[in-house]
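For reference, the structure discussed in these notes is given below.
The figures that follow rest on heavy atoms only: side chains count, while hydrogens, waters and symmetry mates do not. Nothing here was measured: the structure is a model prediction, and the numbers come from that model.
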Amino acid sequence: MGPHPAVAAIRLAVRRVLHDLLTEHNRTTDVPAPGSRSPRQQAPAVTPVAAARVACDTARETAYDLPGPAQRTPRRTTPHERTPSPLVLVACSGGADSMALASALAFEAPKLGIRAGGITVDHGLQPGSHLRAEEVVLRLRELGLDPAESIAVTVGRSGGPEAAARDARYAALDDAAERHGAAAVLLGHTRDDQAETVLLGLARGSGIRSLSGMAAVSGADGRYRRPFLGLDRQTARKACMVQSLPVWDDPHNADPAYTRSRLRQEGLPALEKALGKGVVEALARTAQLSRDDADALDAWASQAETAVRDAAGLLDCAKLYTLPPAVRRRILRRAAIEAGAPAGSLFARHVEEVDRLITGWRGQGAINLPGKVVARRQGGRLVIRQG
């Protein structure tokens with residue numbers, strides 16, 4: 001008799017991600033995966049859309065979660081040299097989603113010859129948080145994960161409590177991945193989390209990129225992987241229950257002081273009551289469709305950017321004017337970020353103001369952007385720089 005359907009579902013989701021990671025690892029070490037052709041025989045082209053996807057997801061994680069595979073330098077192995085197995089870490093809070101992910105990783109990784117470890121981040125925001133972090137580490141070790149460690153962080157105030165905690169958490173996970181030489185860090189975000197992210201993006205009015213939600217692969221060098229984006233939260237919780245895995249429910253997830261908590265406890269249930277079941281699935285599907293559209297527009301903007309710059313590298317206002325607004329604003333946003341504007345603080349309204357220097361020029365003055373970046377129009381050129 002096979003495993004419970006919920007357990008089978010989480011294991012399958014993790015197995016697929018591990019297969020992808022193993023294929024990438026073998027490609028970078030010039031070792032063909034079983035049943036595949038050698039790197040000399042297959043050299044998949046990197047399309048503009050794929051290149052734009054990696055670039056945009058990396059920028060979004062910095063704002064919000066690598067040089068791409070084409071930028072890695074393959075290392076050839078001799079016939080007598082054994083390729084070291086990759087290490088995959090799981091970020092585990094002790095909640096149902098991440099505990100289900102940890103259990104699936106612990107089960108699937110050894111079968112593929114992959115080393116598996118776990119990291120829990122102690123944000124220090126609740127009394128006794130260090131004790132709970134130690135309990136999570138113990139559970140990870142009981143699953144057979146090694147290394148398993150807790151990292152204490154100091155949460156700042158920039159961008160609000162949720163954003164500040166997220167920034168501190170990702171910084172800690174990045175550091176752990178670098179120290180241990182991990183090929184990837186698995187995150188337990190589910191389809192429900194994706195739906196919440198889409199609604200939050202819609203409320204901010206931030207455009208199609210925000211509606212695209214979280215990427216399955218993101219971060220520096222494709223470090224972060226989200227196997228559960230196609231699974232609902234209840235499946236992960238059921239998997240923990242049938243495996244007798246203890247879970248910890250973070251009280252912050254039910255605290256109305258946090259926007260995402262209010263959306264989870266009140267907003268989504270109200271939508272389902274008004275519109276019927278299937279809202280979460282529809283929002284997750286919207287995220288994927290929006291991501292495909294956003295990736296295509298980003299690729300278009302990347303190709304068009306070189307054509308609208310003059311010999312000195314300045315943006316030509318007349319050429320920018322001829323582009324569709326969605327493409328033009330992407331170029332303007334990218335230019336502002338390159339000039340030093342923090343991606344997380346650069347909102348749609350900022351880009352729209354800069355865009356008016358192109359489409360509604362009436363001799364207006366400079367536009368001040370986050371990061372002390374200034375955009376002004378001079379002699380038919382758009383100049384964006386600090387100070």
Side-chain angles (χ1 to χ4, degrees), residues 6-7 9-18 61 65 87-109 116-123 125-126 129-153 162 165-166 168-174 176-177 180 182 184-194 196-197 214 216-219 223-254 258 260-261 264:
V7 176
I10 64 170
R11 289 177 178 176
L12 177 60
V14 170
R15 189 184 315 143
R16 287 171 172 166
V17 170
L18 294 182
E61 283 292 343
D65 8 327
L87 170 66
V88 176
L89 299 174
V90 58
C92 185
S93 67
D97 302 341
S98 59
M99 280 303 300
L101 182 58
S103 71
L105 175 63
F107 182 83
E108 294 292 339
I119 303 294
T120 187
V121 178
D122 174 14
H123 298 85
L125 298 177
Q126 301 172 31
S129 63
H130 66 289
L131 297 177
R132 280 187 289 272
E134 291 174 2
E135 291 176 4
V136 173
V137 170
L138 180 60
R139 293 173 191 171
L140 294 176
R141 288 175 179 161
E142 289 173 346
L143 288 171
L145 298 180
D146 182 28
E149 66 179 46
S150 168
I151 302 176
V153 298
E162 291 168 288
R166 183 178 58 249
R169 180 167 60 252
Y170 276 107
L173 293 175
D174 281 334
H180 293 292
V185 178
L186 304 188
L187 304 176
H189 297 122
T190 64
R191 187 168 60 194
D192 300 79
D193 296 307
Q194 184 75 297
E196 293 162 7
T197 301
M214 295 175 286
V217 179
S218 64
R223 171 174 291 155
Y224 295 109
R225 310 289 172 120
R226 297 177 174 87
F228 288 176
L229 288 183
L231 301 176
D232 61 29
R233 190 175 289 141
Q234 191 58 38
T235 297
R237 184 168 289 276
K238 185 69 173 179
C240 288
M241 184 180 72
V242 299
Q243 295 179 102
S244 299
L245 291 174
V247 299
W248 174 65
D249 291 317
D250 187 346
H252 282 175
N253 290 334
Y258 296 94
R260 185 177 286 268
S261 174
R264 181 175 300 176

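- Residue pairs satisfying the side chain to side chain donor-acceptor pair (under 3.5 Å) criterion with at least one member in residues 240-249, sequence neighbours excluded, are listed as follows: Ser103-Gln243, Arg237-Asp249.
- Closest approach of Val17 and Leu186 over heavy atoms only: CG1-CD2, 4.0 Å.
- Here the shortest heavy-atom pairing between Phe228 and Ile10 reads CZ-CB, 3.7 Å.
- Using a 4.5 Å cut-off on side-chain heavy atoms (C-beta onward), Asp97 and Asp193 make contact.
- Side-chain N or O atoms of Thr120 include one that pairs as donor or acceptor with a backbone N or O of Cys92 at under 3.5 Å.
- At least one side-chain heavy atom of Tyr224 sits under 4.5 Å from a side-chain heavy atom of Leu173.
- Ion pair Arg132/Asp122 not flagged as a salt bridge, since none of the NZ, NE, NH1 or NH2 atoms sits closer than 4.0 Å to an Asp/Glu carboxylate oxygen.
- Closest non-hydrogen pair, Arg139 versus Pro246, comes out as NH1-O, 3.4 Å.
- In this structure a side-chain-to-backbone donor-acceptor pair under 3.5 Å is missing from Arg169 to Val121.
- In this structure, Met99 and Leu143 have side chains that are in contact, with non-hydrogen atoms separated by less than 4.5 Å.
- Using a 4.5 Å heavy-atom threshold, the side chains of Val14 and Arg11 count as separate.
- The shortest non-hydrogen separation linking Ala236 to Ala100 is O-CB, 3.6 Å.
- Looking at Gln194, its side chain does come within 3.5 Å of a backbone N or O of Met214 through a donor-acceptor pair.
- Counting heavy atoms from C-beta outward, Leu105 and Val88 have side chains that approach closer than 4.5 Å.
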